[in-house]
Amino acid sequence: MLDPYEKMHSMQMKTLIFFCTLVMLNAVAAARPALAWGSLGHGVIGNAAVAALNPAPRARLLDILQAPSADTLAAAVDEACFWPDMARESPDWSRSSPLHYVNIPRSSNRYDRQRDCPEGLCLTEGILKYADELARPGLDHERRWQAFAWLCHLVGDLHQPLHAGFRDDRGGNQVKVEYRGERFNLHRFWDRVLVNERMGSDEGWTTPGDPTVGAAAAGQWAPADLIAWTEESHALAAARAYPPTSVIDDDFANASWALIQQQWQKAATRLALILNAVLTEEAGALD
């Protein structure tokens, strides 16, 4: 039997897909589930992580992204880290949707691969897969770019609590809420509504060069850490993602925004940990 991931790799050039699927994405956005963090959040996470990389992994990433200078790097990271949400609209990547989430039963606080991801097509296993791919020195340039894009994107997705939520309400997509007189589902509130509101204000988030991310990213990473991160996000979904009533008030919105910023910082730190590890390993294999 073919690896289910291998069926997803006979695709067109990434630039063509990036622009062509943008039209489709806009056309179906109202009818499909929300996309975690949107381009804003994924770009913030990716650029904060890249800014925290050690010199050698950072140099490898500049080559992967074909960004000749720091001036072009931020835009290249933005494009790559949001690309998986756009690529899933294309026929070549139509089977990739399960990679964006993992469901754990309400009755459990533990991730069980056999139960929660039996075919390996889920958020937790996807991160492991693309971290492994990025470390392979023999990959062609397109596959290496895709591996970084998926890794950046999925680490961000993992830190949106409802992406590690519950199957019975489709990660909050079936929970209707009201905020500031507008109605939408709870998943969209977390993914886009609150982010767009607060990032458009003076509150903002830490800059990509936040020294706290860089300091934390100097540690070590082990693949087993992903289980703990998955269970942590699942616990947050249960404890903090659902408002007490269907009308979201300022207290819940403020607490949610504080949690989002915390999760972005964790995601950036953890993505940098992975990139430092796998790109250093890949560079060592080339020496």
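Quick note: numbers below take in every heavy atom, side chains included, and nothing from hydrogens, waters or symmetry partners. Count residues from 1 along the sequence.
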Exercise for the section: Output yes when a side-chain donor or acceptor of N173 lies under 3.5 Å from a complementary backbone atom of R170, and no otherwise. Expected result: yes
Problem - D225 side chain to W221 backbone, donor-acceptor under 3.5 Å - result: no
Handout entry: Heavy-atom closest pair, residues L134 and A147
Key = N-CB, 4.0 Å
Problem - Lys/Arg N to Asp/Glu carboxylate O, R113 vs D116, below 4.0 Å - result: no
Practice task
State, to 0.1 Å, how close A76 and L65 come at their nearest heavy-atom pair, and which atoms those are.
Solution key: CB-CB, 4.1 Å
Problem - Side-chain touch L121/K129, heavy atoms, less than 4.5 angstrom - result: no
Handout entry: Working for side chain to side chain contact (heavy atoms under 4.5 Å, CB included), residues L162 and Y101
Key = CA-CA 8 Å; L162 288 173; Y101 59 87; over 6 Å; no
Exercise for the section: Please name the pair of heavy atoms, one in G41 and one in W264, separated by the smallest distance, quoted to 0.1 Å. Expected result: CA-CZ2, 3.5 Å
Problem - Within-4.5 Å side-chain heavy-atom neighbours: R198 and Q261 - result: no
Fill in the blank from the handout: Smallest heavy-atom separation, L186 atom then P243 atom, equals CD1-CD, 3.7 Å
Exercise for the section: Enter the distance from N103:CG to R115:CZ here, rounded to the nearest 0.5 Å. Expected result: 10.5 Å
Practice task
Would you confirm whether the ring centroid of W93 sits within less than 6.0 angstrom of the ring centroid of W83?
Solution key: yes
Exercise for the section: Drop me the distance from E125's CD to L226's CG, to the nearest 0.5 angstrom. Expected result: 8.5 Å
Problem - Expected output: side-chain N54 to main-chain A56 donor-acceptor under 3.5 Å - result: no
Exercise for the section: Would you name the heavy atoms of L194 and S256 that are closest together and state the gap between them? Expected result: CD2-CB, 3.6 Å
Problem - V177/R183 under side chain to side chain contact (heavy atoms under 4.5 Å, CB included): CA gap, chis, key distance, verdict - result: CA-CA 6 Å; V177 296; R183 293 187 61 80; over 6 Å; no
Practice task
Inspect the contact between D169 and R106 and indicate whether a charged nitrogen and a carboxylate oxygen are less than 4.0 angstrom apart.
Solution key: yes
Handout entry: Y179-E197 side chain donor-acceptor pair, cut-off 3.5 Å
Key = yes
Handout entry: Validation row: L151, L275 side chains within 4.5 angstrom (heavy atoms)
Key = yes
Fill in the blank from the handout: CD (Q160) and NE2 (H100) are apart, to the nearest 0.5 Å, by 13.0 Å
Handout entry: N276 backbone acceptor or donor facing T280 side chain under 3.5 Å
Key = yes
Practice task
Output, in order, the C-alpha distance, side-chain angles, deciding distance and verdict of side chain to side chain contact (heavy atoms under 4.5 Å, CB included) for R58 and V50.
Solution key: CA-CA 7 Å; R58 184 180 173 86; V50 170; 3.6 Å; yes
Handout entry: Residues R192, E182: salt bridge by 4.0 Å N-O rule
Key = no
Fill in the blank from the handout: Taken to the nearest 0.5 Å, the spacing of S246 OG from K176 NZ works out to 12.0 Å
Problem - Close side-chain approach of C152 to F82, heavy-atom, < 4.5 Å - result: no
Exercise for the section: Report the distance from atom OG1 of T230 to atom NE2 of H159, rounding to the nearest 0.5 Å. Expected result: 8.5 Å
Exercise for the section: Nearest 0.5 Å please: distance from the CG atom of L236 over to the NZ atom of K266. Expected result: 6.0 Å
Fill in the blank from the handout: Correct closest heavy-atom pair for W257 and V195 would be CZ3-CA, 4.1 Å
Handout entry: Heavy-atom side-chain proximity of L123 to L99 below 4.5 angstrom
Key = no
Problem - Sidechain N-carboxylate O distance under 4.0 Å for D191, R188 - result: no
Practice task
Taking the six-membered ring for Trp and the single ring otherwise, decide whether the centroids of W190 and W37 are under 6.0 Å apart.
Solution key: no
Handout entry: Side chain proximity check, P57 to L61, heavy atoms < 4.5 angstrom
Key = no
Practice task
Can you label the angle between the H153 ring and the H42 ring as parallel, tilted or perpendicular, going by 30° and 60°?
Solution key: parallel
Exercise for the section: Evaluate the side-chain proximity of Y111 to C122: yes if any heavy-atom separation is below 4.5 Å, no if none is. Expected result: yes
Exercise for the section: Just do the side chain to side chain contact (heavy atoms under 4.5 Å, CB included) check on L139 and E133 with the steps written out, would you? Expected result: CA-CA 8 Å; L139 279 186; E133 283 202 4; 4.0 Å; yes
Exercise for the section: State whether a side-chain donor-acceptor pair under 3.5 Å links R110 with H234. Expected result: no
Exercise for the section: Show your working on salt bridge (Lys or Arg N to Asp or Glu O under 4.0 Å) between R144 and D140 and close with a plain yes or no. Expected result: CA-CA 6 Å; R144 193 180 306 283; D140 62 43; over 6 Å; no
